[in-house]
Student: 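One structure follows; several queries about it will come next.
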Amino acid sequence: MPYLSTRDRRQPPERVLFDAVLRDGLAHDGGLYLPAEWPVLSAADLTALRGKSYAEIALRVTTPFLDGIVAPAQWEKMIADSYAGFDDPEIAPLKALGDGFWLEELFHGPTLAFKDYALQLVGKLFEYVLEQRRARVTIIGATSGDTGSAAIAGCSGAELVDIFMLYPKGRISEVQRRQMTTVAAANVHAIAVDGNFDDCQDLVKAMFADLPFRRDLNLSAVNSINWARIMAQIVYYVAAAVALGAPERKLGFAVPTGNFGNVFACHVARRMGVPISEIVIATNRNDILTRFFETGRMSMGAVEASLSPSMDIQVASNFERFYFELKRGDAGAVAEGVAAFRKTGTLPVTEAEWREACNAFTAARVDDDGTLAEIKATHAATGIVLDPHSAIAVAAAKAKRRDPDLPMVAL
Ligand SMILES: *Cc1c(COP(=O)(O)O)cnc(C)c1O
C-alpha cells in the first residue's frame, strides 16, 4: 500500500512506503500522506469480525496499511502489548444512552485521553521501524494536554526516540501537567512555555521549517497529521459497527472534532466498506467546519476558549485529506487551495464540491451552554457523566440524526 502526498504535483507522484510515512509525519512538500487506494473490508470480512476482540479487529483493519514493514506475528504482538494495559477488557466499550443512541468510550488507556488508542500503537511502531533502520528520531509537539500526555505515555523509554512536548504554562490541567512532567524516562522532555497553545505551535512549526535542523535531529511529529494515528483510529469505528450489526445494519457516528483527524478516520472506515449511514461533525463555538457545511465557505475565525479545549481549533489540518478527495487527487489544486487559505483566510471550494462534502458529512455546533445542558440531561437520563467533548458529540448526534431506526454512536 504505497502512500502519496496531497501536494505532490509531479507526474507520476512519488510513492512513499509506510515506514517513511510514519517517520516523517508531514510530507516534505508540506502535504499530508494518504494511501494510494483504500483497502476493502467486504461484508464477509465484517461478518468474520463478529465476536472478535479489539486486538483481533485491529490486526485485520490495520495490516493492509503496513506495506509488510512489520512481520505479521510481530505486529500482532505490538497490538496486544498496546492495549494490554487498558482498564476495560473491551477496550472501547459501547454504552446505551437510550433511543438508539450509544456512547463509545475511549478513555480506557493510560492517560485517559482518546489519543491513547492511537499513540500506544504509534509509539511501538516507531521503536520497531527505528530499530530496523538503526536510526533515531526526535519527536517534537505542541500540546494543550491530551496529545502530549498520550504521546509521552506511548514513547517513554523508547531507546531510539527523544520526545519534546511544549505546553502552555499554567493553561493545561494539573493532572496532565503531572502526566507529562513526572515521567522519569530519560528520553522524555516536557517543556513549559510562557505563552498560549498557539505560541507552542509556532515554535514547533519554526523548528520544522528549519530544514537543516529538521534533518540533523530527524524531527518527527505525532500530531494527527501523522497517518499512523488515523490508521489506528479506524479500528474503533469498525469495532462499533460490527458490534451494532454491520454489515447487515448501518449506523451513524457523531465525532467531537478539532483537527478533523478523528472524523477522517471515520470517513476512511466508510471508504473501506463499513456501512456508515452518516457522520456528524460536532464542533464547539470554534465552528469553522460547521459554518462551512452551512454556507459553503471555509473561512478562518479567531480561536476562542471553550469548555472543550481539545476542540479549540480553527484550522482543521486534516481537512486537507478530504479536500484532496474533493479535488479528485489533483495535488496542484490542493497546494494552491491551501496556499490561498493561508493568504486570504478562505479555502476555495466550488459549489459542486461543497454539495459533495454535504453528502459525506453533516455538522453541528454546540456552545458552552449546550454542552452543560447535555451533561445534565444525559446524567439525569442515564447516570453517566459526560466530559464536555463527549457531550458535544451526544448533543450533535441528537440534533442531526437522520434515521431514528439506525443506531447512532457518539464518541
Ligand atoms: C484531540 C481531541 C479532540 C479532537 O480530535 P481531532 O482528531 O483533532 O478532531 C476532541 N476531543 C478530545 C478529548 C481530544 O483529546
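Positions are given from 1, in the same order as the sequence printed here.
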Student: Going by distance alone, is a donor N or O of one side chain under 3.5 Å from an acceptor N or O of the other, for N286 and E304?
Tutor: no
Student: Is the distance between the ring centroids of Y83 and F86 less than 6.0 Å?
Tutor: yes
Student: For the residue pair T138 and N218, confirm or rule out a side-chain donor-acceptor distance under 3.5 Å.
Tutor: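 No, no side-chain donor-acceptor pair sits under 3.5 Å.
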Student: Quick one: list whatever passes salt bridge (charged side-chain N to carboxylate O under 4.0 Å, His left out) with E174, sequence neighbours left out.
Tutor: R177, R178
Student: Would R15 count as a cation-pi partner of Y33, with NZ or CZ less than 6.0 Å from the six-membered ring centre and within 45° of the ring normal?
Tutor: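 The answer is no, since R15 fails at least one limit relative to Y33.
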Student: What do you reckon, are the aromatic ring centroids of W75 and Y128 less than 6.0 Å apart?
Tutor: no
Student: Would you say N262 and Y237 are linked by a side-chain donor-acceptor pair, where the criterion is simply a distance under 3.5 Å?
Tutor: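 There is such a pair between these side chains.
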Student: Is it the case that the side chains of S306 and S308 hold a donor-acceptor pair, with the cut-off being a distance below 3.5 Å and no angle test?
Tutor: yes
Student: Pairing donors with acceptors under 3.5 angstrom, does anything connect the side chains of E325 and H267?
Tutor: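 Short answer, yes.
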Student: Checking side-chain polar atoms at under 3.5 Å, does T6 have a donor or acceptor matched by the opposite partner on E320?
Tutor: yes
Student: Strictly by modelled atom types, are T290 and T283 linked by a side-chain donor-acceptor pair under 3.5 Å?
Tutor: yes
Student: Could you verify whether a donor N or O on one side chain and an acceptor N or O on the other, from T371 and D368, lie under 3.5 Å apart?
Tutor: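 No pair is found: no donor N or O on one side chain lies under 3.5 Å from an acceptor on the other.
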Student: With a 3.5 Å cut-off and no angle check, do the side chains of N226 and R229 form a donor-acceptor pair?
Tutor: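 Absent: no donor and acceptor within the cut-off.
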Student: Verify the distance criterion only: is there a donor paired with an acceptor across the side chains of T111 and D116 at less than 3.5 Å?
Tutor: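 The criterion, which ignores hydrogens and geometry beyond distance, is satisfied for D116 and T111.
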Student: Hey, do the aromatic rings of Y54 and Y236 have their centres closer than 6.0 Å?
Tutor: no
Student: Side chains of T295 and W354: do they bring a donor and an acceptor to under 3.5 Å?
Tutor: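 Judged by distance alone, the side chains do not pair up.
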Student: For Q179 and S149, does a side-chain donor sit closer than 3.5 Å to a side-chain acceptor?
Tutor: yes
Student: Do D312 and N284 meet the criterion of a side-chain donor-acceptor pair at a distance under 3.5 Å?
Tutor: yes
